[in-house]
Amino acid sequence: MKWLNNLSISRKLMLIIMATSAAVLLLASAAYMLSDRVATERKLVYLVTSQAELVGANSSAALAFSDLVAAKEALDSLNGQDHIVSATLYDREGKVFARYLTEAGAISEHPAIRSAQVATAGNILRVQQPIYLDNERIGSIVLKADVKRLYARLGDVTSVIIMVLLITLLAALAISARVHRSVSVPVKNLASVARRVSKEQDYTVRAEKRSNDEIGELVDGINEMLAQIQQRDDMLAKHASTLEKKVEERTDELHRLTEQFRHRAYHDELTGLPNRALFEDRLSHAVETAHRSGARLAVLFLDLDRFKPINDTLGHAVGDKLLKHIGDVVSGCLRKEDTIARLGGDEFIVLLENVDTTEVVGRTAQKIINEVQQPVSLDGHDLQISTSIGISLFPDDATDPVTLMRYADSAMYLSKDEGRNDYHFHTESMHASAMKRMNMENDMQMAVTHNDLVLAYLPKFDMNGSIAGVEALLRWNHPEEGQMLPGEFLQVADESGLIQDMGDWAIEASIRQLKTWDDAGSHVGSIAINLTGRQLMRPGIAARLMQLLRRYEIDAQRVELEFSERILSAGSSQAIANLNDLSNIGVMLSVDDFCSELGSMNYVHKLPISIIKVGRELIDNVDTKVEQAAIIRALIVMAHELGMKVVAKAVETQTEYEFLREAGCDQVQGYYLSEPIDNDAVSALLAKQGG
Amino acid sequence: MLTFTNAHLRSTACLLCMLTFVMPVKLAAGPVSEYQLKGAYLLNLAKFIDWPEDSHAPEVPFLFCLVGIEQYASDINASLKGKQVHGRKTHVRHLGFKDPADDCQVLFVGEVGDTRLYHIVEESRRTEQLLIGQEPDFLSKGGDINFFAEPKRLRFEINPLSIRDKGLDVSSRLLSLARVIEVPVARRAEP
């Protein structure tokens, strides 16, 4: 049956129709032929029986009167009947009376059929009919007929049936050719639609529905399916395009962000100028280029003078605007190929490329200085600022970028040291001092760890001459330079960050010493310790101090912490919080060099300050300068009014001392009374006084 | 083959010869006499003639009457005895000179002479009676059926006109066997 599966639907349909009609026709024909045969047979039997009856009846008289001639005559009447092969008259006893015989009739008959009234043997139909006379059987007649001849006479329907069969099959063929198209054509259409869809990926194609039968349903189903696929396809395409768009957007965003980050990485956020990284990069590049071309480069290191007070007093917003303004101003003084960068804080750096002479560099520096100090109005404040500039040259001073920048930096310090608002070229001696400074940093690091730091104690006296306490002063026993005073190393310590460790060391050493004195029976009332700005800015100072006080069992009120008025003017909230914490644990807070800066009065009453110290500037020649004396008197009155004590520093003469005592100053210290002494000397001095 | 000088003998011999293998008459073995054969013929003739339906009731015997052949009555009787015709039992009666014949269905006439025959015919003509004879010109004398001998066989002649005139019907099959002589029925002068 495999061949059947490979046939096209139209062929199958035709085959089915043909097979069906052929089968139906054959069955019908067979049935017809069968019934025809039966009917014909009946007809035959009837015909032959009638003939037998007739001839029998006609022979009855002949039989009755034994008239053989008449009997023969009666039998001869069958002569025209082709199908009759024999006719025999039997008498009452069953003996043959007369016989009519054709050639075909000379067949011996089977005994079994002799008794039957109607019987067939082969093609021979035998009919026996009794002959009656007046209800008495006087004999019988037997007719034998050739069935074939009868059939031939009755007409053979077979040929007609075959003809009809053939015609009908032809008609079925014609009909099936038309009918199968109603099935195969839509199916073919569907197949071509499916092929088109898969080939062109076009889901908008629809199959045409031509009928409402199963194929129509199939068409509907396929169209529905196509519609869904199309919908999904559209959705997919939409999603894909959305995704693409999003990816594009993200990519753009990423590019933008990358650009932004790159810009940020290489630019100063506030001024938009290049930052240190970019500057170093450009400088390296320029140095490389200059190496080859033999050109000269200049690096200008700028630091604004006294910018910090402006920032502190007018606020960061104004400070920031000023920095931006300076950036613009400096940029305005430069050529296109030059680079300006902000290094942070109030520091700027400039690279001048292809400079022929130092004069040109000097002129540019001067121009910057002049432009910077032009007054400017920002947020209603009229501001004027200046800058100090240090310059280094390539290849004159150095040939590597790092050194060039360091030289410019140190040259800038020279400008600062020499009165600011000026520029200086790098020199060899500057290099030497810079080297010394670097060495000092190294040594200082060793000092902290090697215990080269010591404390000296400056006694503090009540106005009745008794020792009220001491101020601890830091000394560095340098292995080569000898003992160094804070003024010689504090700045370096501050800049290098070592001052932190030094300060911590000083606090612990002071408290430990106080304990030592206590244990030795020398009663030192209080000890004053100097705090650096960095220490005061660091969180947790009160807690650390508390630990030390506990460890050495020292009453907090015996510790005075001195700090510079400058620290306060910065207005750091951390510093103020630390001061409050320290006051809370009970230590005395003391403002050093009170009134050396502007604005002291602004905060002094707002902070938990117990002591103010008056510096040398106010005390110097106080006996002769009436205004100074007035200020000191007023200060003392004010301090007492606020519950503070006043300590006068650096008292050097008796007249000064007398004045202060008269003015009501609480405590004094200075060379007039005692120079700084070591711990043993303090004990000795106490012993002498107490003694 | 035997040769008969006498016509009767000849026909008898022929009949005998035929009956041995043809006649279905119960005659057992042995030769059949001429009048036994004629008796059988009478019976068969009566069967081929139709009488009117209502002429007689079934229980009334079918009467064969004999005239002028007393000497053969027993032979004829032998052939007819116990038979039926048209559903009625046969009965044979020999008629004397004065005996009426009007209730006979078949009247077989032997040697009676012309005068008596005349009266018999006249009388028969008024009844539904089949008149059978065995002499030449019997039909022209008014008979219905007449036996005559042919070599080897006994034959008969019929006048259908006279039979139908009596209201009887004769079968065509019988006619086909007989020599048909149509003698119109007329008033004939006495002999």
Side-chain angles (χ1 to χ4, degrees), chain A residues 49-81 84 86-101 114-115 117 127-143, chain B residues 11 14-29 32 37-51 58 62 79-80 82-90 105 145 147-148 150-158 170-180:
Chain A
T49 307
S50 325
Q51 283 180 329
E53 272 175 5
L54 185 67
V55 174
N58 285 341
S59 307
S60 58
L63 204 56
F65 293 100
S66 300
D67 191 330
L68 199 57
V69 177
K72 287 258 187 204
E73 270 174 21
L75 293 181
D76 281 346
S77 69
L78 293 167
N79 205 3
Q81 311 293 319
I84 300 294
S86 76
T88 312
L89 273 175
Y90 293 89
D91 62 16
R92 196 185 300 263
E93 268 72 37
K95 287 173 184 159
V96 174
F97 175 68
R99 177 168 279 170
Y100 164 83
L101 198 62
R114 205 175 283 173
S115 56
Q117 196 179 349
V127 173
Q128 182 167 16
Q129 213 39 49
I131 301 171
Y132 291 95
L133 178 59
D134 191 25
N135 294 325
E136 191 186 346
R137 191 174 182 277
I138 58 169
S140 62
I141 183 165
V142 171
L143 284 190
Chain B
S11 39
C14 174
L15 272 170
L16 281 171
C17 151
M18 282 171 68
L19 283 169
T20 47
F21 68 96
V22 174
M23 273 301 285
V25 183
K26 275 195 208 163
L27 290 176
V32 176
L37 182 65
K38 282 183 178 166
Y41 266 50
L42 289 177
L43 184 72
N44 283 339
L45 285 169
K47 284 182 177 178
F48 282 102
I49 302 296
D50 286 333
W51 272 263
F62 191 91
S79 292
L80 295 174
K83 307 288 181 188
Q84 284 195 340
V85 175
H86 297 309
R88 295 158 64 188
K89 283 181 178 170
T90 55
Q105 270 81 51
I145 297 172
F147 292 119
F148 68 95
E150 267 193 357
K152 298 181 186 176
R153 57 185 296 199
L154 177 67
R155 289 201 62 195
F156 48 85
E157 51 189 12
I158 296 177
V170 60
S171 164
S172 61
R173 288 171 196 141
L174 186 68
L175 292 177
S176 69
L177 237 65
R179 185 163 72 195
V180 177

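Below, chain A is the first sequence line, B the second, and so on; all start at residue 1.
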Open item on the list: The criterion is side-chain hydrogen bond (donor to acceptor under 3.5 Å, both in side chains); which residues satisfy it with A:Ser140, sequence neighbours excluded?
Closed with: none
- [ ] Identify which part of B:Leu43 has an atom lying under 4.5 Å from any heavy atom of chain A, answering side chain, backbone, both or neither.
- [x] neither
Open item on the list: Using the salt bridge (charged side-chain N to carboxylate O under 4.0 Å, His left out) criterion, which residues pair with A:Arg137? Sequence neighbours excluded.
Closed with: none
Task: Per-residue contact mode, A:Ser60 against chain B (heavy atom under 4.5 angstrom) - done: both
Open item on the list: So for A:Asn135, is it side chain, backbone, both, or neither that comes closer than 4.5 Å to the heavy atoms of chain B?
Closed with: neither
Open item on the list: I need the minimum non-hydrogen distance between B:Leu174 and A:Phe65, along with the two atoms involved.
Closed with: CD1-CE1, 3.3 Å
Open item on the list: Donor-acceptor pair, distance only, cut-off 3.5 Å: does the side chain of B:Arg153 make one with the backbone of A:Asp67?
Closed with: no
Open item on the list: Using heavy-atom distances under 4.5 Å, tell me whether A:Ala74 contacts chain B through its side chain, its backbone, both, or neither.
Closed with: neither
TODO: Name the member of A:Asn58, A:Leu133, A:Val69 that forms the most heavy-atom pairs with chain B at distances under 4.5 Å.
DONE: A:Leu133
Open item on the list: I need the residue from A:Ala57, A:Ala62, A:Gly139, A:Ser59 with the largest number of non-hydrogen atom pairs under 4.5 Å to chain B.
Closed with: A:Ala57
Task: A:Glu136 and B:Lys83 ion-paired at < 4.0 Å - done: no
TODO: Please report the closest heavy-atom contact between A:Asp134 and B:Gln84, naming both atoms and the distance.
DONE: OD2-O, 3.7 Å
